[in-house]
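Notes to accompany the following structure.
What you see below is based on every heavy atom in this structure, not just the backbone, and it leaves out hydrogens, waters and symmetry mates. Remember, predicted model here, so these are calculated numbers, not experimental data.
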Amino acid sequence: MSNKLDSSINTDTNIKNGYEIIHHGGIGIGKERNLSWSCHELRVWLRGEITRILIDMWAYQWGGSISRIMEDIVDWVDTVIATHGHMDHIGSALAVTSGNKYPQNIITTPGTKFVMNVALADAIKIADEFRKAKERKLRQDAEKIKLAVTFVNSFNKRKKGVVRNASGDRVETTEQAESKNAQLELMKRILKENKVDPMDSKWYEKFTYVAPLEYTEEDLMELMNQVQTHNIHDGWRDIAPGISIRFDNAGHILGSVSVTIRIKHNWVDHNVLFSGDLGSYKWDIHPNGLPTPPIDIPVETVITESTYGWFTRAPFAEDLQQYEKQLWEDIQKYDRVIHACFALDRLQMMLYRVIDAKKRWIIPEDTLIFVDSVMGSKYILPYVRQAQRQDDKGLPNNNSPIHSIIDKDYSNREKHNLERFAYYLDPTNGEYIIIDYTNRDAWMQTIGDKKAIFLTASGMMDGGAIVDHLKKFISDPKTVFYSPWFLVEETRWFNILQKQSQEWGDKMIDLWENGTYKINATFRQPKWFSWHGDSEDIQTWVKSIPLAPDANIIIVHGNKDTWSQELKKLLIQNNWLNEEQIIVPDLGTSLTKIF
């Protein structure tokens with residue numbers, strides 16, 4: 001076998017047997033294809049025939065648009081695999097399946113299929129909200145532009161020179177005429193800046209036009225009908241002649257997996273492993289199980305994430321103690337704590353931590369705990385059922401892959417924590433209150449002088465209930481907001497923290513159509529508020545993989561110039577592979593292996 005790292009995608013049509021790994025996203029450079037837009041393609045040649053497999057479908061809705069860029073990258077694929085349901089891994093699923101040719105296979109776990117349906121439905125809703133907000137804003141602006149159009153057209157119809165009445169007497173002074181001329185120039189500039197032709201009778205319709213939604217709920221329903229499920233305990237699954245896949249638990253979120261693709265050629269197996277996003281081995285509770293790579297087969301190419309490849313967390317107990325100390329201080333000082341979580345996994349884990357803190361009297365016993373996220377609340381019950389050994393209908397299920405991991409690998413303390421997790425989050429036990437836009441104001445009025453903690457979705461603050469909380473409380477000095485640790489540049493959360501950190505001037509933030517607000521609330525970033533595996537976790541996962549003698553490790557899904565390079569150094573220092581075998585790729589490069 002020969003290996004080569006190309007500077008561009010391989011176009012060699014003479015390849016008879018081999019494979020090529022192409023990185024469409026998840027490399028961590030620039031703003032268009034940054035580290036969180038995960039999408040990788042495996043092209044397999046067997047006996048001259050090509051099979052194209054897509055691992056994850058990068059991007060997410062941004063500014064009201066669900067990305068269509070996938071259509072430009074991949075004109076057709078045979079199989080699409082989703083490792084888990086976070087939007088940076090499934091956000092373009094609708095684009096992948098919107099062309100003339102559906103992939104032959106769209107495969108994921110039952111858990112991720114459920115998550116995809118909820119997340120993409122929410123993305124369509126948010127895109128529609130953006131579209132309507134843009135339409136309202138354009139109509140407001142159009143009313144101002146209408147004055148300019150009327151003024152310019154009226155001015156153009158009048159006679160040139162000084163205005164006189166029918167008797168020939170002046171009816172305006174030279175100063176008035178000059179003032180009108182100045183107004184005319186201003187109005188013309190307004191029309192030019194907004195690209196409005198005052199002589200165009202249809203300018204209003206053109207100016208206020210907003211394109212319809214790119215994708216609808218009907219498109220989502222069609223996609224979900226095409227998605228096939230495969231679980232961790234299901235073993236190998238054939239997807240093409242000589243090509244099979246298998247899932248192993250990634251421990252990141254509900255339904256998350258690592259994917260091994262087995263390519264058979266001349267009775268030899270060539271195994272390619274994609275990590276997906278990995279969870280951590282370090283917490284005191286693992287509702288998603290532990291990251292478990294394949295340990296029974298030699299792997300010749302590993303593609304691993306490096307989101308926190310440069311960072312090693314403090315011991316979990318220390319971080320938790322620090323978080324609880326901060327929460328105790330804030331609940332004494334402020335009237336309300338508003339947690340902006342990611343709806344999937346983060347909200348459920350933070351809900352558990354907050355309830356547990358209340359049970360241990362770290363926060364007052366009468367503190368009210370609210371879940372203010374329609375999408376986040378939908379994800380709670382699957383976590384509860386998973387921890388209670390139930391299937392999606394609430395019936396006993398002792399054969400789930402997560403439960404076999406729990407029985408084998410969990411300590412008694414971890415099992416007890418999982419039972420407590422299930423009890424706290426079970427909505428029938430009344431440990432928290434689920435609210436939404438229909439009853440939020442009513443609850444606000446009944447809280448009185450009690451302390452309150454709100455768990456909302458949209459960790460980047462770019463949509464959902466958190467926007468309503470921002471409008472209501474961003475100028476309130478008795479409110480504190482908590483954010484995730486990792487924030488994408490130019491998101492609202494990122495911009496707010498940038499504003500808050502400035503040392504001079506008014507700390508103002510523009511909230512879209514909602515106007516400009518002064519930042520008086522406090523904003524914090526709990527540094528451990530993430531369930532990605534850190535550098536030690538990733539190294540533990542890699543070390544447990546039986547690597548083939550000529551193996552390669554490709555490091556992606558991190559800043560390629562810093563985080564990924566740091567992980568590469570650590571892997572070399574531990575003598576697992578030499579420098580030539582560990583690759584940090586650029587966008588547009590590919591690793592080709594020929595059999």
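- Among residue pairs with one or both ends in residues 343-377, those qualifying as ring pair (Phe, Tyr, Trp, His ring centres under 6.0 Å) are Tyr352-Phe421, Tyr352-Tyr424, Phe370-Trp443, Phe370-Phe454; sequence neighbours excluded.
- Look at Arg313 and Asp319 and you find no salt bridge, because none of the NZ, NE, NH1 or NH2 atoms lies under 4.0 Å from a carboxylate O.
- For Ser258 (side chain) and Ser275 (main-chain N/O), a donor-acceptor pair under 3.5 Å exists by modelled atom type.
- Distance alone, capped at 3.5 Å, places no donor-acceptor pair between the Asp56 side chain and the Gly276 backbone.
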Between Ile55 and Thr83, does a side-chain contact (heavy atoms from CB on, under 4.5 Å) hold up when you go through it step by step? CA-CA 7 Å; Ile55 310 297; Thr83 62; 3.9 Å; yes

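- Shortest non-hydrogen contact noted between His40 and Phe274 is CB-CE2, 3.9 Å.
- Around the CD atom of Glu365, the shell of radius 6.0 Å holds no more than 12 heavy atoms that belong to other residues, nucleotides or ligands.
- In this structure, the separation between CZ on Arg440 and CD on Gln445 is 13.0 Å, given to the nearest 0.5 Å.
- At least one donor-acceptor pair closer than 3.5 Å links the side chain of Thr108 to the backbone N or O of Ala82.
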Could you go through the salt bridge (charged side-chain N to carboxylate O under 4.0 Å, His left out) check for Asp468 and Lys471 one step at a time? CA-CA 5 Å; Asp468 294 325; Lys471 288 188 291 183; 3.6 Å; yes

Audit row: Thr522, Tyr334, side-chain hydrogen bond (donor to acceptor under 3.5 Å, both in side chains) steps and yes/no: CA-CA 9 Å; Thr522 298; Tyr334 301 98; 2.9 Å; yes

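- Within a 6.0 Å radius of NZ in Lys478, more than 12 heavy atoms belonging to other residues, nucleotides or ligands are found.
- Ring to ring, His89 and His557 are close: their centroids are under 6.0 angstrom apart.
- One N or O on the side chain of Asp537 and one on the backbone of Asp534 form a donor-acceptor pair closer than 3.5 Å.
- Closest heavy-atom contact between Leu213 and Arg131: N-CD, 4.0 Å.
- Here the closest heavy-atom approach between residue Gln386 and residue Pro287 is recorded as NE2-O, 2.5 Å.
- Summarising the geometry of Val354 relative to Ile363, their closest heavy-atom pair is O-CD1, 3.9 Å, with the distance given to 0.1 Å.
- Looking at Asp345 and Tyr379, their side chains never bring a donor and an acceptor atom within 3.5 Å of each other.
- Using cut-offs of 30° and 60° on the angle between ring planes, the pair Phe481 and Phe523 is parallel.
- Side-chain N or O atoms of Glu214 include none that pairs as donor or acceptor with a backbone N or O of Ile124 at under 3.5 Å.
- Taking OG from Ser373 and CG from Leu344, the interatomic distance works out to 10.5 Å, rounded to the nearest 0.5 Å.
- Side chain of Thr479 to backbone of Arg336: no donor-acceptor contact under 3.5 angstrom is found.
- Heavy atoms of other residues, nucleotides or ligands lying less than 6.0 angstrom from CD of Glu329 number more than 12.
- Here the rule is ring pair (Phe, Tyr, Trp, His ring centres under 6.0 Å) with His532, and of Trp541, Phe311, Tyr308 only Tyr308 fits it.
- Here the options are Ile232, Asp248, Thr292, the test is side-chain contact (heavy atoms from CB on, under 4.5 Å), and the partner is Val257; only Ile232 passes.
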Kindly indicate, with the supporting measurements, whether the criterion side-chain contact (heavy atoms from CB on, under 4.5 Å) is fulfilled by Glu419 and His416. CA-CA 5 Å; Glu419 292 170 359; His416 175 69; 4.2 Å; yes

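- Between Asp426 and Val384, the closest heavy-atom pair is N-CG2, 3.8 Å.
- Contact annotation: the side chain of Ile369 approaches that of Leu351 to within less than 4.5 Å [non-hydrogen atoms, C-beta and beyond].
- For the residue pair Pro294 and Leu273, the shortest heavy atom distance occurs at CD-CD2, 3.9 Å.
- Electrostatic pairing of Glu431 and Lys359 counts as a salt bridge here, judged by a charged N lying under 4.0 Å from a carboxylate O.
- A salt bridge does not link Asp330 to Lys451: none of the charged nitrogens lies less than 4.0 Å from a carboxylate oxygen.
- In this pair, His86 and His84 present their aromatic rings perpendicular. The plane angle is above 60°, beyond the 30 to 60° band.
- In this structure, CG on Leu368 lies 5.5 Å from NZ on Lys450, to the nearest 0.5 angstrom.
- A donor-acceptor pair under 3.5 Å is absent between the side-chain atoms of Asn231 and the main chain of His233, judged by distance alone.
- Enclosure of atom CD in Gln321 is not indicated, since only 12 or fewer non-hydrogen atoms of other residues, nucleotides or ligands lie within 6.0 angstrom.
- Other residues, nucleotides and ligands place more than 12 heavy atoms under 6.0 Å from the NZ atom of Lys113.
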Report the C-alpha distance between Thr112 and Phe247 in whole Å, list the side-chain angles of each, state the deciding distance to 0.1 Å, and finish with yes or no for side-chain contact (heavy atoms from CB on, under 4.5 Å). CA-CA 12 Å; Thr112 297; Phe247 291 162; over 6 Å; no

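- A side-chain donor from one of Ser535 and Gln539 sits under 3.5 Å from a side-chain acceptor of the other.
- At distances below 3.5 Å, at least one donor-acceptor pair connects side-chain atoms of Glu305 with backbone N or O atoms of Leu278.
- Atom-to-atom distance recorded for Leu455:CG and Ile466:CD1 is 10.0 Å, nearest 0.5 angstrom.
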Working for side-chain contact (heavy atoms from CB on, under 4.5 Å), residues Met349 and Trp283: CA-CA 11 Å; Met349 291 296 290; Trp283 307 132; 5.5 Å; no

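- Looking at Asn417, its side chain does come within 3.5 Å of a backbone N or O of Asp284 through a donor-acceptor pair.
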